[in-house]
2 protein chains.
Amino acid sequence: MDETPSARLAAFAAGLRYEDIPQPVVERAVDLFVDWAGSALAGKGVRPVEIVAAFAARMGPADGPSELLASRGSSSPLFAALVNGAASHVAEQDDVHNGSVFHPAAVVFPAALAVAQANRASGRDFIAAVVAGYEAGIRIGEFLGRSHYRIFHTTGTAGALAAAAAAGRLLGLNPAAMLDAFGSAGTQAAGLWEFLRDAADSKPLHTGKAAANGLIAAYLAADGFTGARRILEGAQGMGAGMSSDADPARLTDRLGVRWALAETSFKFHASCRHTHPAADALLKAMQDNDLTIDDIGSVTALVHQAAIDVLGPVTAPASVHQAKFSMGTTLGLIAAHGRAGMGEFQNGFDSPEIAGFRERVAMRLDDEVNAAYPARWIGKVALETRDGRHIEARVDDPKGDPGNTLSREEIDAKVRGLAAFSRAADAAEMDMVLPRLWTIERANHIGALMPARGAGPS
Amino acid sequence: MDETPSARLAAFAAGLRYEDIPQPVVERAVDLFVDWAGSALAGKGVRPVEIVAAFAARMGPADGPSELLASRGSSSPLFAALVNGAASHVAEQDDVHNGSVFHPAAVVFPAALAVAQANRASGRDFIAAVVAGYEAGIRIGEFLGRSHYRIFHTTGTAGALAAAAAAGRLLGLNPAAMLDAFGSAGTQAAGLWEFLRDAADSKPLHTGKAAANGLIAAYLAADGFTGARRILEGAQGMGAGMSSDADPARLTDRLGVRWALAETSFKFHASCRHTHPAADALLKAMQDNDLTIDDIGSVTALVHQAAIDVLGPVTAPASVHQAKFSMGTTLGLIAAHGRAGMGEFQNGFDSPEIAGFRERVAMRLDDEVNAAYPARWIGKVALETRDGRHIEARVDDPKGDPGNTLSREEIDAKVRGLAAFSRAADAAEMDMVLPRLWTIERANHIGALMPARGAGPS
């Protein structure tokens, strides 16, 4: 095999064995899996997700080997990946890798779970596939770079290849076939940020389709369907067409030595990750200075450029989902409630108090924050109190980052909260489900994660 | 509704009625439909197409309301669009619109037929939907421009929106919902040329996925799934991300007055359209000067830049499909046989005679040809004979262009030839099928086009 960056990355993904993965990385993969399950369940009942699920029911088989987590139905792997992928990202509670600005869980787990259930894969192979998906997808996101992210939703684009890596690993693709799968995934890769200014429903479509398209690429490659061998770095590949600062060296950065999965952050607030550093800094400013919302005159969030690009267009959010991309709304909820969770957004994103606070929040590009981004997401705010004080606060590692991560207890509680919020499962059911999730790597065969429909206590 | 270019184009596609379409345009739409059926049947038995069909059989329902033309099976509309779309483009015999460098039939008809059969639409509604797909897709291809086509396969990208327009028209989307469908289609739009240098299988994947993705967008929009309202011209839309010369004025160019469908060319040779002008010019040079292949020392094809971009990397074709992107191979077959059809490529693309001729063919950028492109595809060759003569020839309208179009008899014969070549149907079956195709606009309900499996004479 030619030793192009794409080929080296594909060979790594195809060859990764459970035994090669350091134990802390395995454990973090399980953490991320459990955390993801919460996000997939949180999508239940959300209008765009239910529309995608209805489409799957109309176009796909009535049942199959792969589970639809929120509805507890089943279908073929393709539709399970599509529906679970759509569900996973809509609550904005799924994980994120800072350096690549990529949400791996929402695309990797739906594809991996669908194939693992269809093939009755072992928990160890499932974990190896998931790690392959994270390692590939994160490096591809880094390769595509900041210029890509200005226009494209990296989770949709790099996500198709991440899903292909995970699905392909579970299908036992050899390195050449994995490279074919990368080619077919990359030539399907899509997702534009344009939807955001209209508060349109595209985000769950991006994750659902990335998971499904990567899965398609892997199954086709298993049957001998060939793809471009340099879909990433080639002269007519993704980097050439969809980036102006693509760096092929990132594709193979310390493969097998650096574990990018372990750099992935959990989301604590239920909003776009670009709001989190400032949210944590605001919380710190209020705690350190014993402030309430009524004390605050105005807030300036000192941010990186990508925060301005993504959040800037959202000036008066029209929906819960769009509010999660409003810096002013998120900081308002933090100021009012000390938290910005699912319930706070759902129940009051446009209350007079929050809408009024929102108008008093500005974003400003900060040189230090911007220079550190995307490797580090530093939080800085400057605020003026109503009684004339100027207060600044700073958080080096926002809550959920590897340096300030969630404990297993916090993840467990987060997942229970998400399932309860969406009514995807009641507490007794989650008592049954969570131990199964936490021990996934010891499963002989990956089976259904959720109780059968109607089987649990009411 | 806001009167953006995207909104105006969506409103046109949603509102187009059969009665609004001039009769010559209706007739040309029927010509293109019959011509397309030949290409869809020609995909039968071609390895990558059969892999896609096997994937559909594995992931989709065992039968459904929509027909799989080549296999005479059926499935849900999604898989019918996918499989027929993959089949339609692989023989390189489907139509092309010069100005947009877009192959409308391969993406529009698979989506339209799948929905029309599912909804038992009338022939008139089918024709209106097809015209909507052509008119939208061609203008979107023109909007994306030459810079887009250098990296992206316009038939994959613009094709998703063309398919959405056709499917959306059949689903009765109102203008706002059609705009949503455009948004969801555009944010799924993909397809990179990188596969070509590896002779990889991506081209049928592009057309199959464009048809399927457009269909997804339309069904989602019918259920209220929203999309970006300026997916084409917006600051984070397709033009911004995937083109450097996007021109929004092209999106609404003389809607309802200019019928872009009627500008579409039929393919006569079984090769990439970029080879056709030079192929016709070589044929003219040989006929006018009474030359045989043995008389020819060398040939220079005087071409537009896109021909060099697309065909340039193909120096020693490794497969029948890649040979269709080799200028030298195509001209060699013309020189040897007077034609470059399916049989000539299949049986001798790499014979010593053709491979030897191929080495004596060069491409050179020609200012006049390049300036006229893409509105006109002028063919020019200069050749040196073995006995020392310098001969030039020129064709203003390559065979199949509107100024030099195929007659209905020629289309009928082409379709019969393609069906026979792929063994998708025998002559007696095509005697039954072709009258049904030629009268499609008079059907009360669009039903199956092909005889049931095994129903025809053997």
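The chains referred to below are lettered A, B, ... by the order of the sequence lines, with proteins before strands, and numbering in each begins at 1.
In terms of non-hydrogen atom pairs under 4.5 Å with chain A, the most contact-rich of B:Ala235, B:Gly60, B:Ala240 is B:Ala235. Per-residue counts of heavy-atom pairs under 4.5 Å with chain B were compared for A:Asp223, A:Leu205, A:Ile51; the largest is that of A:Ile51. Note on A:Pro204, A:Gly186, A:Ser76: by heavy-atom pairs under 4.5 Å with chain B, the leading option is A:Ser76. Contact count versus chain A (heavy atoms, under 4.5 Å) is highest, among B:Met242, B:Met238, B:Arg58, for B:Arg58.
Nearest heavy atoms, A:Met59 versus B:Pro61: O-CD, 3.3 Å. Residues A:Ser202 and B:Gly227 come closest through the heavy atom pair OG-CA, 4.3 Å. What you find for A:Ala190 and B:Ala189 is that their closest heavy atoms are CB-O, 3.5 Å. In terms of heavy-atom proximity, B:Arg230 sits nearest to A:Arg197 at NH2-CD, 4.4 Å.
Going from atom CG of A:Asn213 over to atom CG of B:Asn213 covers 6.0 Å, rounded to the nearest 0.5 Å.
Under the 3.5 Å distance criterion, the side-chain polar atoms of A:Arg47 are matched with a main-chain donor or acceptor of B:Gly224. Counting only distance, with no hydrogens or angles, the side chain of A:Thr226 and the backbone of B:Asp201 share a donor-acceptor pair below 3.5 Å.
Residue contact with chain A, scored on non-hydrogen atoms closer than 4.5 Å, involves the side chain of B:Phe55 exclusively.
Residues A:His206 and B:Thr187 meet the side-chain proximity criterion, which asks for heavy atoms closer than 4.5 Å. Residues B:Gln236 and A:Leu192 form no side-chain contact, since every pair of their non-hydrogen atoms from C-beta on lies 4.5 Å or further apart.
Taking non-hydrogen atoms and a 4.5 Å limit, the residue list of residues 147-162 of chain A in contact with chain B, ordered by number, reads A:Arg150, A:Ile151, A:Phe152.
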Contacts under 3.5 angstrom, residues 214-222 of chain A side chains, donor-acceptor by atom type, not counting sequence neighbours:
none

